[in-house]
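What follows is a short report on a single structure.
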Amino acid sequence: MFLKLTHKGQLEGLIQKVSVERSEEWDGKWRLVIFDIPESSKEKRSLFRTLLKKNQFVKLQAGVYISPYSFCREAVIYLKESKLINFV
C-alpha cells in the first residue's frame with residue numbers, strides 16, 4: 001500500500017512540526033516575505049499565513065510579513081514543490 005499526502009496535507013503536516021531554532025543573539029537582519037496568492041488558492045493562502053505565524057512572522061500589511069528570524073527550510077521546499085513559490 002502506498003500513501004501520498006496532498007499539497008494541503010503536506011502544508012498541514014509542516015505547520016504541525018515546525019519548530020524554528022532561535023538563537024539568543026539576533027543577527028541584525030530582518031526577513032520580509034511578500035506574497036500575492038490568487039483567490040483561486042484561497043485555502044492554500046490561509047494555510048501559508050498560518051505557517052508564517054508559526055515561524056514568528058508578524059503581519060505588516062496584507063500579503064506582507066516580517067520577522068527577525070529566518071523561514072524554515074522545509075517550508076521553502078514545500079513552496080517550491082506546490083508551485084506557490086511563484087506567488088511569494
Side-chain angles (χ1 to χ4, degrees):
M1 179 184 273
F2 178 75
L3 299 174
K4 183 178 179 185
L5 288 176
T6 62
H7 290 296
K8 180 182 175 187
Q10 289 173 348
L11 187 55
E12 285 286 349
L14 181 59
I15 288 170
Q16 295 303 317
K17 79 172 194 175
V18 75
S19 61
V20 181
E21 292 181 23
R22 306 289 181 225
S23 63
E24 291 294 320
E25 190 176 320
W26 180 44
D27 63 3
K29 297 178 185 177
W30 286 95
R31 278 66 175 193
L32 185 68
V33 176
I34 302 172
F35 62 93
D36 187 17
I37 299 173
E39 188 64 26
S40 61
S41 299
K42 185 175 170 179
E43 204 170 299
K44 288 181 183 179
R45 184 177 60 220
S46 177
L47 291 170
F48 181 61
R49 283 188 191 123
T50 303
L51 181 62
L52 287 169
K53 290 173 189 173
K54 288 262 188 174
N55 273 273
Q56 297 183 2
F57 277 76
V58 177
K59 182 178 179 179
L60 199 56
Q61 70 178 52
V64 180
Y65 284 73
I66 191 167
S67 176
Y69 305 110
S70 59
F71 205 46
C72 66
R73 293 177 198 260
E74 293 88 3
V76 175
I77 292 168
Y78 170 78
L79 288 171
K80 288 178 181 177
E81 288 175 356
S82 67
K83 297 191 176 31
L84 282 178
I85 195 79
N86 298 330
F87 304 107
V88 178

[atom1]/[X] to [atom2]/[Y] distance, rounded to the nearest 0.5 angstrom?
X	Y	atom1	atom2	answer
L51	L84	CG	CG	10.5 Å
S70	F57	OG	CZ	7.5 Å
L47	R49	CG	CZ	10.5 Å
F87	R45	CZ	CZ	11.0 Å

Without swapping roles, check the side chain of [X] against the backbone of [Y] for a donor-acceptor pair under 3.5 Å.
X	Y	answer
D27	K29	yes
T50	S46	yes
S67	R31	no

**Asked** Residues in side chain to side chain contact (heavy atoms under 4.5 Å, CB included) with I77, at least two apart?
**Response**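 Checked I77 against side chain to side chain contact (heavy atoms under 4.5 Å, CB included); matches are E81.
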
**Prompt:** side chain to side chain contact (heavy atoms under 4.5 Å, CB included) with Q61: which residues, sequence neighbours excluded?
**Reply:**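 Q61 satisfies side chain to side chain contact (heavy atoms under 4.5 Å, CB included) with V64 once adjacent residues are dropped.
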
**Request:** Find out if a path of hydrophobic residues (ILVMFWY) with successive side-chain heavy-atom gaps under 4.5 Å connects V58 to V33.
**Result:**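 In one cluster with V58: V33, no.
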
**Message:** How close do L32 and I34 get, counting heavy atoms only, and between which atoms?
**Reply:**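 Where L32 meets I34 most closely, the heavy atoms are CD2-CD1, 3.9 Å.
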
**Asked** When the ring planes of F48 and F35 are compared, do they come out parallel, tilted or perpendicular, using 30° and 60° as the limits?
**Response**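 Plane angle over 60°, so perpendicular.
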
